[in-house]
There are 2 protein chains.
Amino acid sequence: MTEEQTVPPQKLRRKATVHDVARLAGVSIATVSRSLNKPETVRPGLRKRVDMAAAELGYYTNSIGKALRNQRSRLIGTIIPKLFDPLFSLVASGVQEALVEYDYLGIIQVAGYDNRDLMKHALPMIEKGAEGLIIFGQVQDKVLLDYCRQRDIPLLSIYSFAEDAPVPCIGFDNYQATTELLNLMIQLGHVEIAMISGRQPGNDRQQARVSSYIATMERLRCEPVIEEVDHEFGIQDGAAAFRRIIKRRPEITAVICNRDAHAFSVMTECRRLGLTLPHDMSIAGFDDLAYSSFLDPPLTSVSVSGYEIGRRSGIAMLRHLEEGMPLRSIRLETRIVVRGSTVRPNLNRPLLD
Amino acid sequence: MTEEQTVPPQKLRRKATVHDVARLAGVSIATVSRSLNKPETVRPGLRKRVDMAAAELGYYTNSIGKALRNQRSRLIGTIIPKLFDPLFSLVASGVQEALVEYDYLGIIQVAGYDNRDLMKHALPMIEKGAEGLIIFGQVQDKVLLDYCRQRDIPLLSIYSFAEDAPVPCIGFDNYQATTELLNLMIQLGHVEIAMISGRQPGNDRQQARVSSYIATMERLRCEPVIEEVDHEFGIQDGAAAFRRIIKRRPEITAVICNRDAHAFSVMTECRRLGLTLPHDMSIAGFDDLAYSSFLDPPLTSVSVSGYEIGRRSGIAMLRHLEEGMPLRSIRLETRIVVRGSTVRPNLNRPLLD
DNA sequence: CTGAAAGCGCTAACAT
DNA sequence: ATGTTAGCGCTTTCAG
């Protein structure tokens with residue numbers, strides 16, 4: 001388009017391309033490309049000229065051109081319910097770090113807690129060329145499933161493990177973890193146990209935990225007491241749910257919060273109601289967030305290493321893409337961290353209501 | 001890998017392109033492109049044929065081809081110190097949501113708390129075609145600055161506001177906010193005030209807060225007591241820093257934590273040392289995280305709406321890119337939320353050490 | 001209103 | 001070992 005560049009170093013306003021480097025180095029664009037990507041296939045002398053020209057022009061590869069040519073974007077999409085959340089951000093963090101190591105880049109989409117319409121959030125990432133999708137929770141959107149299957153876009157479901165999942169998943173068994181947590185309570189002598197759960201539609205984690213709870217309660221011949229909270233709004237909802245629980249069933253001696261965050265305000269609320277913690281109310285949470293051990297009393301919780309889940313998933317996806325390793329489900333173990341918030345029930349507790 | 005693909009519509013394994021749509025609709029690729037992007041320039045009849053063909057083939061635009069042609073990626077890069085953090089993830093969340101509204105996609109890079117070598121984290125995003133960069137904190141990397149200036153890549157610095165910043169910034173004045181927080185303490189009667197700070201190199205937020213603190217202490221003719229903690233590791237470091245403070249200066253009656261998270265374990269530690277809160281030790285934090293009001297006592301903190309900062313920054317960047325609106329610095333206000341953790345000093349407090 | 005053709009930046013045959 | 005060239009998917013002149 002323009003003529004010869006007279007001035008020697010000639011910083012260009014436009015970004016430098018292989019053509020610019022080639023011209024400056026006095027070679028062809030193919031050599032530039034080779035020299036940059038497979039240096040060993042180019043004679044050292046030329047290689048040096050190319051490197052110098054590239055440096056002088058401040059050349060860096062244009063990933064878009066490369067992506068178009070290679071049909072590889074080096075972009076991985078991650079879908080999480082929410083970015084601003086201790087657990088999800090930890091998971092996302094693990095994914096991102098794995099990607100960076102492999103020179104991939106992550107794009108994150110926030111989809112809320114209901115996985116039934118994932119397609120809406122996945123499509124923009126697929127359009128942008130995401131080579132694989134890492135999805136928090138089970139994939140409950142048939143459209144997305146079909147779409148990705150047809151287009152050969154690998155899908156990895158993370159955090160929740162399910163035996164019969166439609167896509168490989170790396171995570172743990174929410175049902176079993178909940179059962180274990182309940183068994184702990186039962187061993188301590190609790191029978192009147194309540195659960196504070198999140199909304200279930202489209203959310204396999206809550207579904208699994210709730211059905212585990214209901215099954216256990218039936219075994220105990222005890223009426224389940226479940227109060228749902230809206231995920232989107234945080235901590236204080238635990239307190240409100242707890243008040244509803246107490247109203248429904250004042251005999252409750254233990255509460256399982258499906259998110260640690262709720263335990264936070266449940267504790268505050270207990271004190272406001274004149275209960276002494278932990279003796280008058282045992283409380284347990286889920287996910288074992290960083291601050292949970294600093295609550296007063298320190299919170300018993302199901303520890304799931306979000307970072308580890310994210311990291312392993314990222315690596316699995318990349319090795320699948322790069323080395324053709326099949327994506328396989330991995331069932332991770334959870335561990336119940338027993339802290340001071342769960343003790344035997346106080347049978348002489350002042351009556352609530 | 002599987003068998004039957006008998007069905008007429010001829011689903012292609014390969015993703016459908018404009019060519020496929022054009023063929024099926026019996027028009028040229030130019031018409032397909034026009035019909036999809038500027039429907040009003042195409043005769044309704046053809047438009048309909050194109051739409052149907054596109055739907056049948058499951059066509060969606062390939063952003064990479066589009067980006068290469070348009071020299072616009074619709075990708076914005078965000079650099080934050082850490083993803084797994086209540087504040088940063090809130091900021092990132094605000095950015096992401098703004099981007100999604102404008103049909104952009106965000107890529108996030110995690111750069112740690114030291115902004116002196118940002119280039120390393122910015123380059124991968126620039127290569128991927130990021131059209132603009134939103135950076136948490138002041139940009140303290142000359143290389144990046146020059147680079148982006150030369151290449152016309154817009155830079156926006158967020159969270160911290162600085163009068164003389166090299167790039168536009170949307171944020172608040174950390175120096176002033178700290179001074180206000182200190183004035184609150186002073187009004188309550190505190191003189192022996194300590195600060196728990198993060199590492200300062202490359203971190204303008206900590207630098208501003210520390211120098212504000214030092215200036216105020218000098219005004220009070222009081223020796224500053226600052227204990228640094230390593231950002232990377234969280235909550236429990238507050239406790240350790242507090243112990244060091246008490247050892248250095250047992251007369252301390254108030255502590256300012258530059259991160260709310262540290263206040264968390266400072267409280268725990270105070271109780272362990274036999275102090276009654278809030279009377280024996282006033283504690284204040286920074287950022288007013290969601291859980292801060294649920295601490296016991298509820299934490300006084302500098303409230304900075306991370307989400308708002310992120311969102312406004314995202315919008316500003318997009319309007320700059322789309323509508324050519326100049327990026328301008330915005331100084332946001334902070335508000336000190338006074339809660340129960342800050343009270344007048346107890347002069348009869350049991351001596352510590 | 002529609003189509004043909006060029007070209008964004010890159011890499012990989014293929015030819016030398 | 002190096003150069004020439006085609007083409008990834010898209011949009012946009014420019015003709016018709």
Side-chain angles (χ1 to χ4, degrees), chain A residues 1-2 12-51 53-54 57-75 103 126-131 151, chain B residues 12-51 53-54 57-75 103 126-131 151:
Chain A
M1 41 227 71
T2 48
L12 359 81
R13 225 196 80 81
R14 187 175 53 82
K15 295 189 298 188
T17 72
V18 276
H19 291 95
D20 302 312
V21 177
R23 199 175 314 127
L24 186 57
V27 298
S28 75
I29 57 166
T31 300
V32 173
S33 176
R34 272 192 291 261
S35 177
L36 263 21
N37 294 308
K38 305 180 187 130
E40 67 282 5
T41 65
V42 164
R43 194 151 36 88
L46 278 194
R47 196 191 312 161
K48 182 155 186 208
R49 290 216 322 261
V50 170
D51 289 349
L57 295 169
Y59 171 84
Y60 57 91
T61 197
N62 176 329
S63 301
I64 296 177
K66 183 179 290 206
L68 184 60
R69 165 70 223 215
N70 292 346
Q71 303 285 44
R72 307 272 327 257
S73 64
R74 300 188 85 79
L75 241 35
D103 192 33
I126 296 177
E127 281 185 2
K128 290 279 187 295
E131 294 180 34
R151 297 285 191 299
Chain B
L12 359 79
R13 222 197 80 81
R14 187 175 53 82
K15 294 190 298 188
T17 73
V18 277
H19 291 95
D20 302 311
V21 177
R23 199 174 315 126
L24 186 57
V27 298
S28 75
I29 58 167
T31 300
V32 172
S33 175
R34 272 192 291 260
S35 179
L36 262 21
N37 295 309
K38 304 179 189 132
E40 67 282 4
T41 66
V42 165
R43 194 152 35 91
L46 277 193
R47 195 192 311 161
K48 183 153 183 210
R49 290 213 327 256
V50 170
D51 288 348
L57 295 170
Y59 171 84
Y60 57 91
T61 195
N62 176 329
S63 302
I64 296 177
K66 183 179 287 202
L68 183 59
R69 164 70 222 218
N70 292 348
Q71 302 285 50
R72 306 273 325 261
S73 65
R74 299 189 85 78
L75 241 35
D103 191 33
I126 295 177
E127 280 185 4
K128 289 280 187 295
E131 294 181 33
R151 298 286 191 297

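Throughout, a chain's letter reflects where its sequence line sits, starting with A, and its residues are numbered from 1. Here the structure is a predicted model, which means the values were calculated and not measured.
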Return no unless some side-chain N or O of B:Q71 is found under 4.0 Å from OP1 or OP2 of C:dG7.
-> no

Residue pairs passing the side chain to side chain donor-acceptor pair (under 3.5 Å) test where at least one lies in residues 36-49 of chain B, sequence neighbours excluded | B:S33-B:N37

To the nearest 0.5 Å, how far apart are NZ in B:K128 and NZ in A:K128?
-> 15.0 Å

side-chain contact (heavy atoms from CB on, under 4.5 Å) against B:I64, all qualifying residues, sequence neighbours excluded = A:I64, A:A67, A:L68, A:S73, B:N62

Within residues 58-72 of chain A or reaching into it, pairs that qualify as salt bridge (Lys or Arg N to Asp or Glu O under 4.0 Å) - sequence neighbours excluded | A:R72-A:E131, A:R72-A:E322

Quick one, give me the B/S/- string for nucleotides 11-16 of chain D, reading 5' to 3', where B means a protein heavy atom under 4.0 Å from the base and S means that only happens at the primed atoms, P, OP1 or OP2.
-> BB----

Separation of atom CD1 in A:I64 from atom P in C:dT11, rounded to whole Å = 13 Å

Compare the minimum distances between each of C:dG3, D:dT2, D:dG9 and the side chain of B:V27, then state the nucleotide with the smallest one.
-> C:dG3

For residues 43-51 of chain B, which residues have at least one heavy atom under 4.0 Å from DNA chain C?
-> B:R43, B:L46

Whole angstrom value for the distance that separates P of D:dC10 from CG of B:L36 = 9 Å

Can you find a side chain N or O atom of A:T17 that sits less than 4.0 Å from OP1 or OP2 on C:dG9?
-> no

Between D:dG9 atom C1' and B:R72 atom CZ, what is the distance in whole Å?
-> 18 Å

Please say which of A:T31, A:V50, A:T61 ends up in a side chain to side chain contact (heavy atoms under 4.5 Å, CB included) with A:L36.
-> A:V50

Which of these passes side chain to side chain contact (heavy atoms under 4.5 Å, CB included) with A:Y59: A:D20, A:V32, A:V18?
-> A:V18

Got a sec, which residues hit side-chain hydrogen bond (donor to acceptor under 3.5 Å, both in side chains) with A:E127, two or more places apart in sequence or on another chain?
-> none

For B:N62 and C:dC8, what is the distance between atoms CG and C1' respectively, to the nearest whole Å?
-> 13 Å

Any donor-acceptor N/O pair, A:R74 side chain to A:D103 backbone, under 3.5 Å | yes

Euclidean distance, atom CG of residue A:L68 to atom P of C:dA12 [Å, nearest integer] | 13 Å

Got a second to check how far A:R23's CZ is from A:I29's CD1, nearest 0.5 Å?
-> 11.0 Å

